[in-house]
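A short write-up of the structure that comes next.
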Amino acid sequence: MADQPALDEVVEFTSDLIRIDTTNRGGGDGQERPAAEYAAARLAEAGLEPTLLERTKGRTNVVARIEGTDPSADALLLHGHLDVVPAEARDWSVHPFSGEIRDGVVWGRGAVDMKNMDAMILAVVRGWAREGVRPRRDLVVAFTADEEASAEDGSGFLADEHPGLFEGCTEGVSESGAFTFHDGSGRELYPIAAGERGTAWLKLTAGGRAGHGSKANRENAVTRLAAAVARIGEHQWPLKLTPTVRASLTELAALHGIEADLDDVDALLGKLGPAAKLVESTVRNSANPTMLDAGYKVNVIPGEAVAYVDGRYLFGAEDEFRATLDRLTGPDVEWEFQHRSVALQAPLESPTYARMRAAVEEFAPEGHVVPYCLSGGTDAKQFSRLGITGYGFTPLKLPAGYDYQALFHGVDERVPVEALHFGVRVLDRFLRTA
């Protein structure tokens, strides 16, 4: 059981880490080293020997291993990223990097994504050091850089260049799971992530004949690109249910007392009320146009036009995704991956999933644990290259009115102190039994 110092430290560490600005603006613009040094110092104080690693100066990762009591057991990876997305101070009620603790709430960028989990990990590990606790299986702790962009300086670099640090790891646990989801009927759901859609950030390029804006031009690159972008944006992707999504729909339907008609998923989603938000983005592939870049003067038809699309595909559906993009872009527009990462699927029958469920149920007996698939992605994608199966498990007990998913990358990101205390207790319970 987590001790009182651990409960105090998780709040302190969350606030401290928020105050360290680790904004990742993409394109290599980021600086995680101060946060990495902070985390490494806290681990060293607990008697561990953390290693700091960089692919690029300032983009620092931290890895440490806690030796388990059973040398024959597979190791478990526990990881969290140190970087955060940008925040505009003028849009916030408090400064996004203040780490202010007010009215029982910790405010700032990273409060839920995901310096809260980083702080939980540190608090639990330090609590174990005070108690002399050792886990059954080796536990590898990793704090990564660059998750909010390509992960090339973070988990990708670690997986490709330092696989030996993760020797024996077969499973990993990280962000986006075991948070309270209020379904609108008084029920508290605790979704645990057991899958992720693949990431396909695309660059579309249309070629054409440059010319004067007043002249007829049937080879207009902007027109060609606009037509392809419109086709992509309007495309209705077919339903495709992965095992995790099927299980999620089945369990949610049972909680609502309705039949899980998986032959008419859209109708089923309409009967699930707010709980449909947990599933609706993961029953199909998707491709959303997000950026356009063409031309330099109003009376000049450019010879090239470029667009960017945020694509996501389900486990087992990448070939379908590629074929559909070929068809939608047509003969006049080329497309390529600007960034690609795999889709993931984790088993729900594993002892690890059962132990995560049991840990949540011990401290939230009124809640209902359900599996779900992330519509986006995490560092688990890169660690999967090492054969590590990833789950999303960042336990938080949130009061009604806290939209956890909306706070991700949102304005006034914040987390209640009591939610952090719950997280430490649940994470401690799970890791002691894992």
Side-chain angles (χ1 to χ4, degrees), residues 26 77 79 81 85 113-114 144 146-160 171-177 191-204 232-233 235-249 265 277-291 307-329 335-348 371-393 405 408-409:
L77 171 61
H79 59 102
H81 63 83
V85 297
D113 185 18
M114 64 172 298
T144 64
D146 200 28
E147 191 274 345
E148 295 292 3
S150 66
E152 291 179 357
D153 283 316
S155 57
F157 160 66
L158 293 176
D160 293 344
E171 296 172 309
V173 170
S174 189
E175 62 181 318
S176 296
I192 294 177
E196 299 181 4
R197 290 200 300 175
T199 302
W201 292 345
L202 312 175
K203 179 182 179 181
L204 277 58
I232 292 169
H235 180 66
Q236 295 297 310
W237 293 85
L239 286 163
K240 183 177 182 62
L241 302 183
T242 64
T244 295
V245 174
R246 283 180 174 273
S248 185
L249 286 167
V265 170
K277 293 180 181 179
L278 290 172
V279 189
E280 61 188 3
S281 293
T282 58
V283 298
R284 294 177 169 88
N285 292 339
S286 66
N288 287 312
T290 55
M291 297 172 63
Y308 295 89
V309 174
D310 185 339
R312 309 287 171 144
Y313 59 91
L314 289 159
F315 187 78
E318 183 177 359
D319 289 346
E320 175 192 333
F321 181 87
R322 289 171 178 262
T324 302
L325 260 294
D326 286 341
R327 176 169 56 82
L328 293 175
T329 50
W335 70 271
E336 61 184 316
F337 288 111
Q338 186 189 38
H339 172 68
R340 172 189 169 273
S341 57
V342 297
L344 303 178
Q345 176 70 41
L348 300 176
Y372 87 125
C373 175
L374 292 179
S375 61
T378 73
D379 278 334
K381 295 182 181 301
Q382 283 66 242
F383 288 123
S384 72
R385 300 174 194 170
L386 303 178
I388 298 173
T389 299
Y391 292 96
F393 188 73
Q405 294 172 315
F408 264 74
H409 299 189

Practice prompt. Can you run down the salt bridge (Lys or Arg N to Asp or Glu O under 4.0 Å) pairs that involve residues 193-203, sequence neighbours left out, and say none if there aren't any?
Written response: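 Output for this query lists E196-K381.
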Mind checking whether [X] and [Y] have side chains closer than 4.5 Å, heavy atoms only?
| X | Y | result |
| --- | --- | --- |
| Y313 | R340 | yes |
| L158 | T144 | yes |
| W201 | V309 | no |
| S174 | D379 | no |
| D326 | W335 | yes |

Working to the nearest 0.5 angstrom, can you tell me the gap between [X] [atom1] and [Y] [atom2]?
| X | Y | atom1 | atom2 | answer |
| --- | --- | --- | --- | --- |
| F383 | E171 | CZ | CD | 15.0 Å |
| D310 | Q338 | CG | CD | 10.0 Å |
| S155 | H81 | OG | NE2 | 10.0 Å |
| S281 | L374 | OG | CG | 11.0 Å |
| H339 | L202 | NE2 | CG | 11.5 Å |

Worksheet item: Any idea how W237 and F321 line up, ring-wise: parallel (<30°), tilted (30 to 60°), or perpendicular (>60°)?
Response: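 Plane angle under 30°, so parallel.
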For [X] against [Y], the heavy-atom pair lying closest together:
| X | Y | answer |
| --- | --- | --- |
| A343 | G198 | CB-N, 3.3 Å |
| A346 | G390 | CB-O, 3.5 Å |
| T244 | L348 | CA-CD1, 4.5 Å |
| H79 | M114 | O-CE, 3.9 Å |
| A247 | P371 | CB-CG, 3.9 Å |

Practice prompt. Just do the side-chain contact (heavy atoms from CB on, under 4.5 Å) check on L241 and V265 with the steps written out, would you?
Written response: CA-CA 9 Å; L241 302 183; V265 170; 3.8 Å; yes
Practice prompt. Would you mind telling me which of P191, C373, S248 makes a side chain to side chain contact (heavy atoms under 4.5 Å, CB included) with V279?
Written response: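 With V279 as partner, side chain to side chain contact (heavy atoms under 4.5 Å, CB included) holds for just one option, S248.
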Fill in: Qualifying residues under side-chain contact (heavy atoms from CB on, under 4.5 Å), relative to H409, sequence neighbours excluded
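Residues passing side-chain contact (heavy atoms from CB on, under 4.5 Å) with H409: V85, D113, E148.
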Worksheet item: Taking only residues two or more places apart in sequence, or in another chain, which ones meet E320 in a salt bridge (charged side-chain N to carboxylate O under 4.0 Å, His left out)?
Response: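 E320 satisfies salt bridge (charged side-chain N to carboxylate O under 4.0 Å, His left out) with no other residue.
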Would the distance check show the side chain of [X] and the main-chain N or O of [Y] forming a donor-acceptor pair, the cut-off being under 3.5 Å?
| X | Y | result |
| --- | --- | --- |
| D146 | E152 | yes |
| S375 | T282 | no |
| Y391 | P347 | yes |

Discussion item. Before you tell me yes or no, could you show the steps for L278 and Q405 under side-chain contact (heavy atoms from CB on, under 4.5 Å), namely the whole-Å CA-CA distance, both residues' side-chain angles and the distance that decides it to 0.1 Å?
Written reply: CA-CA 9 Å; L278 290 172; Q405 294 172 315; 4.1 Å; yes
Practice prompt. Check the side chains of Q382 and S341 for a donor-acceptor pair under 3.5 angstrom, ignoring hydrogens and angles.
Written response: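 Per modelled atom types, S341 and Q382 side chains form no pair under 3.5 Å.
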